[in-house]
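Computed from a predicted model, the values in this text were never measured in an experiment.
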Amino acid sequence: DNSPNVLSSYTDLLDSAGMLYEVFDTANSNNEPDLSTLQAYPLVIWFTGDEWGGFAGPGSSGEAALGSYIEAGGHLLLSSQDYLYDNGLTPFGQTYLGIASFDSDVNQSTVTGEDIFDSIGSVSLSFPFSNWSDEVNPATDAFLTFDGSAGNAAVRKDGEHGGSALFFGFPIITLPEESQSLLIAEVMNWVGDTPEPCPADCNGDGFVNVSDLLSIIEAWGTSAGCDINADGIIDVIDLLAAVGAWGACP
């Protein structure tokens, strides 16, 4: 949503941290990056600005691509105050973001860093648009990363194969500038020196081999399993992708 357009707040933050990046604009729609696009990057920062009412955060195909990306070792930071309002708590939100429950529009005014963000402490939030921030409660296998004045505010969930996700129920650009810089520094530490994602490695053992082919064949024709290209169906395209990536992962 471009009313207001807050993209420059994010790019300024990344520029100041010396991070290289590319921008993918969904144009306020579900025209979202697919797995082949996502897997070129060790970190995806996804924000929704003031959008609500239909397109805040990933839609079903975007969620499928992100799930496969995380399973292959990718890292996601999703910052959205209305993703849960628009989509509810989906299986993606439970399985990959580590959200147990939420309460929309609680209007967080201050947050306190926890877990990997404990260096940030307690700070006030300043919104460039209406404050519809959420309460977000972590699942038992997830971690609280920010507490808030109106309940839990952000969570972290680690995947099984090195990938991980952070979800913020408030826009990270509402933090004070100094706290934003600390947050990005901790995010860079969180990502670390990660290997290039390897989506064809269905079992996460670091190799694409016959066991991965068997996983694809076992789930043939379904949407649950090793959907390498994240198109919602496990078929010959995924089989060919596995053959094409044969051997050790990068």
Side-chain angles (χ1 to χ4, degrees), residues 22 24 26 30-46 57-78 83-84 87-100 116 138-143 155-167 187 190-250:
E22 292 189 44
F24 188 109
T26 67
N30 281 339
N31 174 30
E32 298 166 342
D34 59 17
L35 177 59
S36 63
T37 301
L38 296 170
Q39 65 187 10
Y41 308 95
L43 170 67
V44 171
I45 298 176
W46 193 308
S60 57
S61 61
E63 287 185 334
L66 287 168
S68 297
Y69 168 75
I70 293 167
E71 287 182 353
H75 290 72
L76 168 68
L77 188 166
L78 174 56
Y83 162 68
L84 294 170
N87 297 277
L89 184 52
T90 65
F92 171 79
Q94 295 171 313
T95 302
Y96 295 101
L97 301 182
I99 301 171
I116 62 174
T140 55
D141 57 352
F143 302 89
V155 299
R156 173 174 66 89
K157 170 73 182 290
D158 294 330
E160 295 181 0
H161 306 305
S164 190
L166 288 164
F167 177 74
V187 166
W190 169 65
V191 173
D193 296 324
T194 57
E196 182 180 342
C198 188
D201 179 18
C202 301
N203 63 1
D205 65 357
F207 295 88
V208 180
N209 52 31
V210 68
S211 64
D212 302 299
L213 298 185
L214 293 174
S215 295
I216 293 170
I217 293 170
E218 183 179 358
W220 198 268
T222 71
S223 60
C226 196
D227 182 12
I228 296 174
N229 69 342
D231 65 354
I233 186 72
I234 297 172
D235 55 17
V236 68
I237 297 175
D238 302 294
L239 197 65
L240 293 173
V243 171
W246 201 262
C249 289

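Atoms CG and CH2, on D235 and W220 in that order, are 6.0 Å from each other to the nearest 0.5 Å. Distance CG/L97 to OG1/T90: 7.0 Å, rounded to 0.5 Å. L35 CG to S68 OG: the interatomic distance, rounded to the nearest 0.5 Å, is 5.5 Å. The CD1 atom of I116 sits 10.0 Å away from the CZ atom of F143 when rounded to the nearest 0.5 Å. Atom NZ of K157 and atom CD1 of I99 lie 10.5 Å apart (nearest 0.5 Å). The CG atom of N229 sits 4.5 Å away from atom CG of D238, with the distance rounded to the nearest 0.5 Å.
The shortest side-chain heavy-atom distance between P58 and L78 falls under the 4.5 Å cut-off.
Evaluation of the side chain to side chain contact (heavy atoms under 4.5 Å, CB included) rule for A245 yields A200, V208 as partners, not counting sequence neighbours. Here N31 pairs with S29 under the side chain to side chain contact (heavy atoms under 4.5 Å, CB included) rule; sequence neighbours left out. When the salt bridge (Lys or Arg N to Asp or Glu O under 4.0 Å) test is applied to D158, the partners found at least two apart in sequence or on another chain are R156. For C226, the side chain to side chain contact (heavy atoms under 4.5 Å, CB included) partners two or more places apart in sequence, or in a different chain, are C202, I216, I228. Every residue two or more places apart in sequence or in another chain that forms a ring-ring contact (aromatic ring centres under 6.0 Å, His included) with F92 is listed here: Y96. In this view, S60 satisfies the side chain to side chain contact (heavy atoms under 4.5 Å, CB included) rule with no residue, not counting sequence neighbours.
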**OP:** Tell me, with the steps shown, if Y83 and F167 meet side-chain contact (heavy atoms from CB on, under 4.5 Å).
**Re:** CA-CA 10 Å; Y83 162 68; F167 177 74; 3.7 Å; yes

Original post:
Run the side-chain contact (heavy atoms from CB on, under 4.5 Å) check on V187 and I45 step by step: do they pass?
Top reply: CA-CA 10 Å; V187 166; I45 298 176; 5.6 Å; no

Subject >> Test side-chain contact (heavy atoms from CB on, under 4.5 Å) applied to I237 and L239, step by step >> reply: CA-CA 5 Å; I237 297 175; L239 197 65; over 6 Å; no

**OP:** May I have the step-by-step check of side-chain contact (heavy atoms from CB on, under 4.5 Å) for L213 and W246, ending in yes or no?
**Re:** CA-CA 10 Å; L213 298 185; W246 201 262; 3.4 Å; yes

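For A165 against I70, the heavy-atom pair with the smallest separation is CB-CD1, 3.9 Å. The two residues W46 and L76 make their nearest non-hydrogen contact at CB-CD1, 4.2 Å. What you find for C249 and D201 is that their closest heavy atoms are SG-CB, 3.6 Å. Annotation for A100 and P138: closest pair CB-O, 3.6 Å, computed over non-hydrogen atoms. The two residues A65 and P33 come nearest to each other via the heavy atoms CB-O, 3.9 Å.
Of the possible polar contacts, none joining the N87 side chain to the G59 backbone as a donor-acceptor pair under 3.5 Å is found. Without hydrogens or angle criteria, E32 side chain to S61 main chain gives no donor-acceptor distance under 3.5 Å. Distance alone, capped at 3.5 Å, is enough to place a donor-acceptor pair between the D227 side chain and the D231 backbone.
Between D34 and T37, the side chains place a donor N or O and an acceptor N or O closer than 3.5 Å (distance only, hydrogens not considered).
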